[in-house]
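When a ligand or atom number is given, it counts from 1 through the structure's own listing order.
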Amino acid sequence: MSDAPRTSGTPGHPLLSDAPLVVAIDGPSGSGKSSTSRGVAARLGLAYLDTGAMYRAVTWLAVHEGVDLTDTDAVADLVARSQLVLELDPAHHSVTIDGHDVTTAIRDPDVSAAVSAVATNLAVRADLVARQKQVIADAAGGIVAEGRDITTVVAPEAPVRVLLVADPAARVARRHAELGEHVDAEAVHDQVVRRDRDDSTVAAFHDAAPGVTVLDSTELTLEQVIDAICALVPAAYDPAVAR
Ligand SMILES: Nc1ncnc2c1ncn2[C@@H]1O[C@H](COP(=O)(O)OP(=O)(O)OP(=O)(O)O)[C@@H](O)[C@H]1O
Ligand SMILES: Nc1ccn([C@H]2C[C@H](O)[C@@H](COP(=O)(O)O)O2)c(=O)n1
């Protein structure tokens, strides 16, 4: 199917798309996906889907329930039965699983250290990818979705697809600044480099698929990255015109 936006049918505005805008952003840890996606969603008035938060939430639940993360069937069963609710407002992002508000807890270092074990469980991936596709399909006002496999698996036909990259040293430095200088370098390295190595066994986020725009944020400010992604939105979706 073509990557081109549907531009056939808004009465009175024949050149405007009648399909909601989907912006898909992938990239390695610390490349700036979450900050950038929230900024793009806020600027364009779109919903925001943090798919990494979904993998983190089910990891939190498995640890909370005392499930052995190496028991792939037990983890997949638990995930299949879980009720996962994400608030999609970029200004008020929250995550609840089985009634627990885990918005803050999923950022804890123990979840960051454990999440790749769950994200590399193929049955869990199939379950969460299906939920992510449904969220995107239901987003009538358009959405920015970010993760590791959005441009390739979850929303390969999105009209805007970006692989956001940055030099490993910049990504480690950003994460270290965020976590605080009291956190030792080995823990930061684990959160960025080791996690990317494990995660990249099941999702291709180091190389851009055909049609995906590569954006290197190493020397760009957050605002410059947001500007660059907004500039990729086809005119048919320009929210200033289309809404
Ligand atoms: N262009 C930028 N310049 C400088 N710092 C940035 C830039 N973009 C993001 N940051 C900072 O880098 C850190 C990591 O950003 P962010 O959490 O958005 O990355 P991410 O790709 O979503 O990471 P992860 O996949 O590990 O969750 C944050 O502290 C953020 O404020
Ligand atoms: N589409 C996705 C999103 C995330 N993951 C994995 C990889 C990460 O280790 C983990 C948490 O993501 P983060 O919050 O750091 O972006 O989830 C994935 O495999 N696929």
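Residue contacts with ligand 1: Gly52 is excluded, as none of its non-hydrogen atoms falls under 4.0 Å. For the pair Gln132 and ligand 2, no heavy-atom separation below 4.0 Å is found. Under the 4.0 angstrom criterion for non-hydrogen atoms, Arg148 is in contact with ligand 1. The shell of residues lying under 4.0 angstrom from ligand 2, judged by heavy atoms, excludes Gln191. Every heavy atom of Gly27 sits 4.0 Å or more from the atoms of ligand 1.
Proximity of Asp108 to Ile106: side-chain heavy atoms (C-beta onward) are nowhere separated by under 4.5 Å. Between Asp26 and Leu164 there is no side-chain heavy-atom pair separated by less than 4.5 Å. Residues Tyr55 and Ser116 are not in side-chain contact: their nearest non-hydrogen atoms beyond the backbone lie 4.5 Å or more apart. For the pair Gln191 and Arg175, the minimum side-chain heavy-atom distance is below 4.5 Å. Taking the side chain as every heavy atom from C-beta outward, Leu49 and Leu88 approach each other to under 4.5 Å.
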I'd like to know whether Leu21 forms a side chain to side chain contact (heavy atoms under 4.5 Å, CB included) with Leu46, so could you lay out the CA-CA distance, the side-chain angles of the two residues, the decisive distance to 0.1 Å, and finally the verdict. CA-CA 8 Å; Leu21 173 60; Leu46 304 175; 3.9 Å; yes

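Looking at Pro28 against ligand 1, only its backbone comes within 4.0 Å, counting heavy atoms. At a 4.0 Å heavy-atom cut-off, ligand 1 touches Thr221 through the backbone alone. Contacts of His176 with ligand 1, taken as heavy-atom pairs under 4.0 Å, are absent altogether. At a 4.0 Å heavy-atom cut-off, ligand 1 touches Leu220 through the backbone alone. Using a 4.0 Å cut-off between heavy atoms, Arg194 makes no contact with ligand 2 at all. Residue Met54 does not touch ligand 2, judged by heavy-atom distances below 4.0 Å. Of all the heavy atoms of Arg195, the ones lying under 4.0 Å from any atom of ligand 1 belong exclusively to the side chain. For Arg175, every heavy-atom contact with ligand 1 shorter than 4.0 Å involves the side chain, none the backbone.
Between Ser29 and ligand 1, at least one pair of N/O atoms sits closer than 3.5 Å. Residue-to-ligand polar distances keep Val225 apart from ligand 1: every N/O pair is separated by 3.5 Å or more. On a distance-only criterion, Arg56 and ligand 1 share no N/O pair closer than 3.5 Å.
The protein non-hydrogen atom at the shortest distance from atom 25 (O) of ligand 1 is Lys33 NZ, 2.7 Å. When only non-hydrogen protein atoms are considered, atom 3 (C) of ligand 2 lies nearest to Thr51 OG1, 3.3 Å. Of the protein's non-hydrogen atoms, the one nearest atom 15 (O) of ligand 2 is Arg195 NH1, 2.8 Å. Nearest protein heavy-atom contact of atom 14 (O) of ligand 2 is Arg56 NE, 2.7 Å. Protein heavy atom closest to atom 16 (O) of ligand 2, with residue, atom name and distance, is Arg148 NH1, 2.9 Å. From the protein, the heavy atom lying nearest to atom 22 (O) of ligand 1 is Ser34 OG, 2.7 Å. Considering only non-hydrogen protein atoms, atom 9 (O) of ligand 2 sits nearest to Asp199 OD2, 2.6 Å. Of the protein's non-hydrogen atoms, Asp149 OD1, 2.8 Å is the one closest to atom 1 (N) of ligand 2. For atom 29 (O) of ligand 1, the closest heavy atom belonging to the protein is Glu178 OE1, 2.8 Å. Protein heavy atom at the shortest distance from atom 17 (O) of ligand 2 is Tyr55 CB, 3.4 Å. The shortest contact between atom 4 (C) of ligand 1 and any protein heavy atom is with Arg174 NE, 3.6 Å. Of the protein's non-hydrogen atoms, the one nearest atom 12 (O) of ligand 2 is Gly52 CA, 3.4 Å. Shortest contact from atom 15 (O) of ligand 1 to any protein heavy atom: Ser35 OG, 3.6 Å.
Close contacts between ligand 2 and Gly147 involve ligand atoms 1 (N), 3 (C) [criterion: under 4.0 Å to a heavy atom]. Heavy-atom proximity to Ala119, at under 4.0 Å, picks out these atoms of ligand 2: 6 (C), 19 (O). In the vicinity of Arg107, heavy-atom distances shorter than 4.0 Å reach the ligand 2 atoms 14 (O). Interface atoms of ligand 1 facing Gly32, defined by a heavy-atom separation under 4.0 Å, are 8 (N), 9 (C), 15 (O), 16 (P), 18 (O), 19 (O), 20 (P), 21 (O).
Here the closest non-hydrogen pair linking Ala76 and Ala123 is CB-CB, 3.7 Å.
We find that Glu223 and Arg43 are joined by a salt bridge, their nearest charged nitrogen and carboxylate oxygen being less than 4.0 Å apart. Comment: Asp127 engages Arg131 in a salt bridge, judged by a side-chain N to carboxylate O separation of less than 4.0 angstrom. Electrostatic pairing of Arg107 and Asp50 counts as a salt bridge here, judged by a charged N lying under 4.0 Å from a carboxylate O. For Arg81 and Asp98, the salt-bridge test fails: no basic side-chain N is under 4.0 Å from an acidic carboxylate O. Between Arg171 and Asp167 no salt bridge is recorded (no basic side-chain N to carboxylate O distance below 4.0 Å).
With hydrogens and angles ignored, the 3.5 Å screen pairs no side-chain donor or acceptor of Arg161 with any backbone N or O of Thr213. Glu87 contributes a side-chain N or O that, together with a main-chain N or O of Asp89, makes up a donor-acceptor pair within less than 3.5 Å. Distance alone, capped at 3.5 Å, is enough to place a donor-acceptor pair between the Asp184 side chain and the Ala187 backbone.
Summarising the local packing, NE2 of His93 is surrounded by more than 12 heavy atoms from other residues, nucleotides or ligands at distances under 6.0 Å.
For Asn121 and Thr72, the side-chain atoms include no donor-acceptor pair closer than 3.5 Å. In the model, Arg56 has a side-chain atom that pairs as donor or acceptor with a side-chain atom of Ser112 under 3.5 Å. For the residue pair Ser29 and Arg195, a side-chain donor N or O sits within less than 3.5 Å of a side-chain acceptor on the partner.
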